[in-house]
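Everything below concerns the one structure shown next.
All values reported here derive from a predicted model rather than from experimental measurement. Chain identifiers are assigned alphabetically (A, B, ...) following the order of the sequence lines, protein sequences preceding nucleic acid strands; residue numbering begins at 1 within each chain.
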Number of protein chains: 2
Amino acid sequence: MTTSTELAPPAPAPLLGIGRAARECAVSERALRYYQQLGLITPSGRTPGGLRRYSEEDLGRVRRIRELQTLLGLNLDEIRVVLDNDDRLAKVRQEYRSTRTGAARRRELLEECLAIHQATAATIDAKLAGLKRFRAEVDGSLERVRGLLAELDSRAGLVSR
Amino acid sequence: MTTSTELAPPAPAPLLGIGRAARECAVSERALRYYQQLGLITPSGRTPGGLRRYSEEDLGRVRRIRELQTLLGLNLDEIRVVLDNDDRLAKVRQEYRSTRTGAARRRELLEECLAIHQATAATIDAKLAGLKRFRAEVDGSLERVRGLLAELDSRAGLVSR
DNA sequence: TCGGACTCTGACGTCAACGTCAGAGTATTG
DNA sequence: CAATACTCTGACGTTGACGTCAGAGTCCGA
């Protein structure tokens with residue numbers, strides 16, 4: 001007789017307890033519960049006894065939250081919007097893939113994706129522009145200083161000759 | 001007899017009250033007092049009665065604070081460090097310009113500037129790298145969607161023919 | 001089946017970055 | 001020189017994003 005693992009499709013998807021999950025995402029257990037409280041994530045399972053079990057996808061979502069916090073400086077309210085967009089995109093993808101979705105509807109769905117992604121891109125570009133300006137300023141200073149140093153070098157060369 | 005304004009060097013530098021200053025920088029009066037309390041800024045003047053007077057340079061400093069908050073996501077403690085660097089750079093520039101500063105000392109000063117600017121650049125580049133990665137992801141999605149849309153268009157063209 | 005490790009749900013605490021308000025003083029304008 | 005607008009210094013309040021702790025329950029390997 002074959003074992004059940006031989007019959008299982010690809011992998012059994014090992015759900016993690018909150019402790020492992022937290023370490024994996026470099027956040028606290030409290031943070032995970034807090035995010036859940038705000039409706040940002042929901043562990044994809046619970047044990048019969050009520051312990052949270054996180055899937056790899058859940059972890060991705062958590063990592064996403066942290067990125068949005070640290071990179072874009074969004075607060076959890078704004079992040080909720082982004083995650084809602086993510087969910088919407090997933091649903092759209094699903095419907096798009098369905099064989100009984102006609103071309104017209106598909107176009108609609110694609111347009112929606114386009115709009116969402118463009119909005120995201122705009123948000124990022126705004127931050128990016130500010131940062132680049134910032135960086136350019138520093139680079140200017142850097143070049144000026146380098147120029148002066150080079151000048152000093154050449155002058156020293158002349159004098160020592 | 002000539003008026004005093006005719007004798008004044010270039011401009012009388014119109015110091016602003018805290019209300020104007022706050023509006024000008026798009027922050028609250030409370031924030032200005034708070035920043036001062038933390039030692040981040042000091043209004044360059046006070047009226048005889050004790051009212052704060054802000055110079056244009058002061059405003060620049062405040063705007064800098066806001067930029068560092070919103071663009072780099074620094075907290076006020078970290079911002080203090082940056083502002084200290086700014087002050088140090090100003091002092092260095094001053095000494096550099098002095099006629100009684102020798103070439104060797106000038107090189108030292110320039111090296112110091114270089115180090116400071118490079119550190120700043122590194123900080124910015126870190127954030128920038130993250131953001132660019134982020135942006136690239138979105139751009140990837142965007143391209144995929146555009147590709148699918150184009151495909152849909154061409155197919156529609158064929159069918160209608 | 002039992003002991004140690006892990007997790008649960010409240011509930012209160014904390015910290016940064018201000019918001020707000022009172023009561024008193026200051027500047028300005030007609 | 002009075003009315004009006006602004007500003008001062010405390011001091012307490014608020015908000016977001018968790019930290020921390022207690023008391024109880026759950027899981028798992030020996």
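- Residue B:Arg20 contributes atom CZ, which lies 16 Å from atom C1' of C:dA27 at whole-angstrom precision.
- As a member of the Ile/Leu/Val/Met/Phe/Trp/Tyr network built from side-chain separations under 4.5 Å, A:Ile116 groups with A:Leu89.
- Contact annotation for A:Gln37: no contact, since no heavy-atom pair falls under 4.0 Å across all strands.
- Remark: B:Asp86 engages B:Arg64 in a salt bridge (charged side-chain N to carboxylate O under 4.0 Å, His left out) (not counting sequence neighbours).
- With distances taken from any side-chain atom of A:Arg46 to the nucleotides D:dA17, C:dC8, C:dC18, the minimum falls on C:dC8.
- Across D:dC27, C:dT7, D:dC18, the shortest atom-to-atom separation from the side chain of A:Tyr34 is found for D:dC18.
- The side chain of A:Arg30 contributes no N or O atom lying less than 4.0 Å from OP1 or OP2 of D:dT20.
- Atom C1' of nucleotide C:dT28 and atom CG of B:Leu15 are separated by 17 Å, given to the nearest angstrom.
- With sequence neighbours excluded, the residues that form a side chain to side chain donor-acceptor pair (under 3.5 Å) with A:Arg66 are A:Tyr35, A:Gln69.
- When each of D:dT7, D:dC18, D:dG19 is scored by its nearest atom to the side-chain atoms of A:Ser28, the top-ranked nucleotide is D:dG19.
- B:Glu57 pairs by the side chain to side chain donor-acceptor pair (under 3.5 Å) definition with nothing, not counting sequence neighbours.
- With respect to the salt-bridge test (charged N to carboxylate O, under 4.0 angstrom), the residues B:Asp84 and B:Arg88 do not qualify.
- Minimum atom distance to the side chain of B:Thr47 is reached by C:dA27, of the listed D:dA17, D:dT7, C:dA27.
- In this structure, B:Glu111 does not pair ionically with B:Arg105, as no charged nitrogen and carboxylate oxygen lie closer than 4.0 Å.
- The listed nucleotides are D:dC18, C:dA17, D:dT7; the one nearest the side chain of A:Leu76 is D:dC18.
- For the pair B:Ile18 CD1 and C:dA27 P, the computed distance is 15 Å after rounding to whole Å.
- Looking at which nucleotide of DNA chain C each of B:Leu74 and A:Glu29 is closest to, the 5′-most match is held by A:Glu29.
- Comparing D:dC18, C:dC8, D:dT26 by their nearest atom to the side chain of A:Ala31 picks out D:dC18.
- Spacing between atom CD of B:Gln69 and atom C1' of C:dC18 amounts to 10 Å, rounded to whole angstrom units.
- D:dA5 atom P lies 20 Å from atom CG of B:Leu16, rounded to whole Å.
- In this structure A:Asp87 satisfies the side chain to side chain donor-acceptor pair (under 3.5 Å) test together with A:Arg61, sequence neighbours excluded.
- Contacts between residues 53-68 of chain B and DNA chain C, defined by a heavy-atom separation under 4.0 Å, are made by B:Arg66.
- Distance, B:Gln36 CD to C:dC18 P: 15 Å, rounded to whole Å.
- Straight-line distance from the CZ atom of B:Arg33 to the P atom of C:dA17: 18 Å, rounded to whole Å.
- In this structure, the CG atom of A:Asp77 is 10 Å from the C1' atom of D:dG16, given to the nearest Å.
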Test salt bridge (Lys or Arg N to Asp or Glu O under 4.0 Å) applied to A:Arg133 and B:Glu67, step by step: CA-CA 11 Å; A:Arg133 205 177 43 64; B:Glu67 270 193 342; 2.5 Å; yes

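- Put simply, B:Tyr35 has no side-chain N or O that comes within less than 4.0 Å of OP1 or OP2 on C:dA17.
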